[in-house]
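Keep in mind that the numbers below use all heavy atoms, side chains included, and drop hydrogens, waters and symmetry copies. Labels below follow one simple rule: chain letters A, B, ... track the order of the sequence lines, proteins then strands, and each chain is numbered from 1.
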Amino acid sequence: MTINWNEIETKWQNKWAESKDFETNPNEKPKKFITVAYPYPNSPQHIGHGRTYTLADVHARFYRMQGYNVLFPMGFHYTGTPVLGMAKRIEKGEKEILDGLRNIYHVPEEDIKTFVEPIKIADYFHEEIKSGMIEMGYSIDWRREFTTIVPGYQKFIEWQITTLKENGRIIQGSHPVGWCPKDQNPVSQHDTMGDVEPKIDEKNFLIKFKLGEFIFPVTTLRPETIFGITNLWVNPNTIYKKVTVDNETWIISEQCAHKIEFFEKHVKVIGDIPSSEIIGQYVINHDGREIPVLPADFVEPGMGTGLVMSVPAHAPKDYQALMDLKAGNHELASKIEPIPIIVTEGYDEYPAKQICEKLRVSNQTDEKLEEATKELYLKEFTDGKLNEKCGEFNNENVQFGRDKIRAWLQENNTLEKFPVLENSPVHCRCGAECVVKILNNQWFLNYGDEEWKELARNCFNEMNILPSNLRTEFKKVIEWLHERACARQQGLGTKLPWDKDWIVESLSDSVIYTAYYTISRFVNDGTVTPENLTREFFDYILLDKGDVKLAASTSKLSKDIINTMKKEFQYFYPVDSRHSGRDLVQNHLSFFVLNHVAIFEKKLWPQEIVVNGSVMMDGAKMSKSMGNIIPLRTAIKDHGADPIRLAIISSAELLQDADFNMESVYGIQNKLESLLEECSRLKNEPISELQAEDRWILSKLQSMIGTVTESLEKMRLREGLHEILFSFESDLSWYNKRVEAKGRKDVSGILYKINSARVAMLSPFAPHISEEMWEKLGEDDQVSKSAWPVHSKDEIDAATAIQSESLLKNTIDDIANILKVTKIDPKKIVIYVNSNSMKSKVYRKILGIMVVGGQNNMGVVMKELIADPETIEAKKMPDYIQKVIKDLHSESEEIKNMKLESDLFDEKEFLSSELASIGKKEFGVDVTVYSESDSDIYDPKGKARHARPFKPAILIE
RNA sequence: GCGGGAGUCGCCCAGCCUGGUCAAAGGCGUAGGGCUUAGGACCCUAUAUCUCAGGAUUUCGUGGGUUCGAAUCCCACCUCCCGCACCA
C-alpha cells in the first residue's frame, strides 16, 4: 500500500478547521499556554524552522489530550531592517538575491516585482510561512494572529516601552556602532559587502599627554603600561594635523581626524605640523614626568591617532624600535632604558627583550614582531602581575588591574574611549568604507542593573528549563548582560512615544508580546479598535492597576468588554511554555524573562522555557551557498507532513542538532504505512481468557504508556517516539512468535487494544496519519479529541506475567546459545527446573540481600546467609551462591524487585505448558521439562542438579 | 579571553541526568542466506577478542579518584565545535 500523504493531510486539516478544534477560549478546564518565538518573514521557512514549531505543536497536542484547555497562537515579526536591505538589493537588481528568490524559494516573478517595497516581502513570506504551518498540521488558533506593525500591536508596544521607562528600566547614553558615512546609517551584517559583521573593539583607549596648549593623544589596548612609558613614537615621514576637538587642540594624523568626526565631537583642522617639529620635544605624562617624542618607522598614521606610546620593557615593537635608534647612536634614545612594570612567570625582567631575542627579530619592520606581540600580550594579560612601579596598583593581576587603572585615568580626564573596527576595512553595500560612530542619546534597556538581574535570577530559579542544563547558561547570560540599545533609527516597527526619531528595536518589541495574544482576537474580530487600546486600558487589564471606570472612560469601551478581556488575560497568563531555538538563549529568551519580571508581578512570570537545537541536512549545516536548504512546503509536498515531523523529532533529542536525511524519512514512511495497514486489519473482537503471553504483553503495554508519558512530560520526544514506534516492536515480535507457536487465532482484540493506545500516543507526533489510523480502527470521533492513555496497573498480575515470560525467554536464549557454541544439531532437548527448597530459600535470601542491602560481594552475602539459621547450610554450597549472585547480577532492577515482591511460582508447570510450543517452533524438536526431584527423570549426564531458580539446567542431545 | 557543548565497538549515533538489565540500542556498511528471470525493494542471520555447554577477556578521548560495582559520579589533561550583542 502506498499512502497519499497530502490527501490524508488535507482531509484532516479540513476537519480540524471545520470543527474549530484549536480555537481556544477560556473555560472551566485548567489551561496551558504554549508559545513559540514568532518568525521573521524574510524567507520561506525551511525544515530547521519547522523543528521548533513541531516540538511546540507536539507539546500542545499532548497537553490537549491530557485534558487541558490549550492555547497555541502565532504571530509574525515584521519589525527590523533585513527586509529593507533586501528591497534595496532587489531594486538594484542584484543577481545573487534574485537568483535565490527564483531558484531556491520559487517566488513567482510578479511577486518579485513588488519586492522593492519592504512590506511586500514580509507580506509574501508571511503567507508562505503561514500556509506551511497549516500544512504541517500545527494546532494553532489563527484567530489571534497579528503582525508586529499592525496598529493594535503598536499600541501595545507603546504601552510596554512607556511602562519600562516609568519603571526606571530605560536610560540614555552613548554607544558605538558600525556606520556608513555615505548612507548616514548604522550598518549590520546584512548591509555590508560579503555579509561581514562590523566588529567594534571597545577595549581600545586614548590617553592624553600634554605639551603646552597641545594635547598629544595616543591609543592603546593596555592602559596599565603608562607606568612603563619611556617615550612617544611618531612616524618621521608624516605631516600631522593640529585639530581643535571640542575645547582642546590635538596633534593627530589626518586619518585620525576623520575618524573622530564620528565620535560626537566638534572637530576642526586648523593647521599642519610636520613630524620634524614634534620629534625631540618633551610631553608631560599623567604624573608630571617629561617624556621625549622619538621617530619610528613602524608607526602607521592610519592606526589610532598616528601617535604611539612606547613601553620597551613589555612591547616587542617598542623595544626593537628603541634598539634600532640606539644602534644608530641616536642621542636622546641612548639615554633611555626600559622600565619593567609587569612580573610574569616564565619571563625575566625585560620580557620584550627576551622574546625579541628568542625569535631573532632583526629590526622594527620584522614580521616576527606581530607574533611576539601577540604571545607576550596574552601571557602578560593572563599571568602577569603589576609591580611596585604601578603605585597603588602594585601586586594586582594585570587582567583586573587594567580595568582599575582605566577607571582611574578616566577620572583624571586623561583617558577616553576610542572604539575601532576590529575587522577593518568593512565596506557598506554602497561601496563606502564603514567607520565607528558614537551615537549619543541612544536609549538603553538597563540590563546591567543589579536589582533587575536579581529578579531575573529569581524567575530562572523557579521556572522549568528544558533541557535543565541550560539553567547555568541562562544565569551566566544574566551575569554578563549590560545596557542594551532598545531603539534604532531605521527599520519597520513602532516609534518611541517620547522620542519619535527612534524606532523600538526589534528584539525589544518582542519580549512580552505573548500577553498580546489574549487581546488580539478582540481586535481581529472588531470588538475593539486600536484606538480603544489606551494606556489605562492596558494598565487595568495587564497590571490590574487603576480601575475599570478609568479604563472604560479613556478607552471608550464598555466595562463588560474590558472585564471580559481582563478575565481572558488572567485565565491564560502566565505563559506555561515558551519554545525557541538554541540561538535565542543569549538574547531573546533572556530578554523575555528580564522584561517579564520588570513589568509583571510574580504570578505572571513565565513557567517554562524549552530550547531546541538546529537542523542539519545530511550532516551539513544548511545554508544558501551550499544549496542544501529545503523549503518546508516543498518537503511536505514531496514526503508528507507527518513523515517530516517524525524525521525531525526522531533524529535528535532537544538540544542536539538534528540531522535530517531522506533515509530516515523513508524509514518512517514505511513504518507508518505498515502500522496503518495493521490498523485497517484489526477488529475490536472480544478478548477471550488471557494466556500467559497476553498478560505479559498487556503489562508491557502498561509500562510503555508509563515511559512514554514520562518522556513527553520532560519533552524527551525522541525517546517517547522511539518507544512507541520501535522499542515496543521487539516486545510485539516476541509476542507474535509466541502466538504463532501456539497457532492462536484469537488475539485480534488484544492487538486492537494495544494499537489503539499506540495510535493515541502517536497522534501528537503524527496527527494526520493517526487520525486515519484511528478511523480505520473504527473508533468514534477524532483521536486528537481522545484522552491520553492512562498508565494503570489494572487487574493483570504484572509481576508474575513479566518474570515468567522472562524466564521463558532466557531459557530459549540459553538453548540457542548452547546450540551456537556446540554446533549440535539437536534431536532432543530436556529442561530441568529446580525443586530443592533449600536452594530456593537461599536464592530468596540472596535476592533480599542484593536488592535491599545493595550488596553483591560474595563474602558479605555468605556471612549474612550463615548468620541466619534458616540458611546456614549455604556454607556447603559456595559454588551455588557464587552462581546465583551472578545470575541476579545480570537481571534488571525491575525484575529483581518483582521477584522479591511476589512469591515463587511453579516453574515446572509454567515451562511445561509454554515451552513446548515455542521450543518446537524455534528449534524444531520436542522439549521435555522435568523437575529436579521427579522420580521418572531422564538425566543421563547428571545435569539436573545444576538447576537453579529461574535458571533451569539444560540437556541437548 | 569569557561562556556553553562534544569525544562510544568500520562509519553515523543512542545510553550519562537517576551507577548494576552494558560487549553496550538503532541506522549505514560488510558477509552469508531467503525471495526474485535479473536488478531494486524486502526478510532472516552474523559483524571486539577467545571459547565445541549456556562461559571468559579487554573495551566507551587520556590519566587519576570515589564505589562491592563506572560509558554513567568527581578531579586533571588532550582534541574538536558553537556564541560573545544592538543583529533577526
(message) Applying side chain to side chain donor-acceptor pair (under 3.5 Å), can you list everything that pairs with A:T709, at least two apart in sequence or on another chain?
(response) A:W788

(message) By the 4.0 Å heavy-atom rule, please label A:T79 as base, sugar-phosphate, or nothing.
(response) sugar-phosphate

(request) Go through the structure and list residues passing salt bridge (charged side-chain N to carboxylate O under 4.0 Å, His left out) with A:K943, not counting sequence neighbours. (result) none

(message) Rounding to an integer number of angstrom, what distance separates B:U62 and B:C78 when you compare their P atoms?
(response) 15 Å

(request) Check every strand shown and say whether A:P952 touches a base, only sugar-phosphate, or nothing at a heavy-atom separation below 4.0 Å. (result) base

(message) If you only use heavy atoms from C-beta on, which nucleotide in B:A88, B:G55, B:A53 is closest to the side chain of A:K951?
(response) B:G55

(message) Checking A:N595 against A:Y447: is there a side-chain donor and acceptor pair closer than 3.5 Å?
(response) yes

(message) Going by the rule side chain to side chain donor-acceptor pair (under 3.5 Å), which residues pair with A:S510 if we only count those two or more places apart in sequence or in a different chain?
(response) none

Protein-nucleotides 2-5 of chain B N/O pairs closer than 3.5 Å?
from : atom 1 : to     : atom 2 : distance (Å)
B:G4 : O2'    : A:E473 : OE1    : 2.8
B:G4 : O2'    : A:R582 : NH2    : 3.0

(message) Does a side-chain N or O of A:R716 approach OP1 or OP2 of B:U18 to a distance below 4.0 Å, or not?
(response) no

(request) Starting at the 5' end of RNA chain B, write a dot or bracket for each base, bracketing those in Watson-Crick or G-U wobble pairs whose two distances are under 3.5 Å and using | for partners on another strand. (result) ((((((((.[[[..)....(.....]]]((((((.......))))))(((....)))...[[[[[..)....]]]]])))))))....

(message) Using the side chain to side chain contact (heavy atoms under 4.5 Å, CB included) criterion, which residues pair with A:N204? Sequence neighbours excluded.
(response) A:T219, A:L221, A:F418, A:V420

(request) Starting at atom CD1 of A:I668, determine the distance to atom P of B:G26, rounded to an integer number of angstrom. (result) 17 Å

(request) Would you please name every residue forming a side chain to side chain contact (heavy atoms under 4.5 Å, CB included) with A:T79, sequence neighbours left out? (result) A:H77, A:T148, A:S506, A:D509

(request) Pick base, sugar-phosphate or nothing for A:R488, based on heavy-atom distances below 4.0 Å to the nucleic acid. (result) sugar-phosphate

(request) Could you give the distance separating B:U18 and B:C75 at their P atoms, to the nearest angstrom? (result) 15 Å

(request) Could you tell me whether A:I956 contacts a base, only the sugar-phosphate backbone, or nothing, with contacts defined as non-hydrogen atoms closer than 4.0 Å? (result) base

(request) Remember a base hit wins even if backbone is also touched, and classify A:L955 as base, sugar-phosphate or nothing at under 4.0 Å, heavy atoms. (result) base

(request) Would you please name every residue forming a side chain to side chain contact (heavy atoms under 4.5 Å, CB included) with A:R457, sequence neighbours left out? (result) A:E450, A:K453, A:E454, A:I478, A:E479

(message) Check the phosphate of B:G26 against A:R718, side-chain N and O only, distance under 4.0 Å to OP1 or OP2. Yes or no?
(response) no

(message) Given the structure, check if the side chain of A:K714 and the base of B:U18 hold any donor-acceptor pair shorter than 3.5 Å.
(response) yes

(request) Would you indicate, yes or no, if B:A88 has its OP1 or OP2 atom less than 4.0 angstrom from a side-chain nitrogen or oxygen of A:T81? (result) yes

(request) Tell me, please, which residues at least two apart from A:S508 pass side chain to side chain contact (heavy atoms under 4.5 Å, CB included). (result) A:L445, A:C486, A:V504, A:E505

(request) Return the orientation label for the A:F460 and A:F474 ring planes: parallel under 30°, perpendicular over 60°, tilted otherwise. (result) parallel

(message) Between the base of B:A53 and the side chain of A:D814, is one N or O donor paired with an acceptor at under 3.5 angstrom?
(response) no

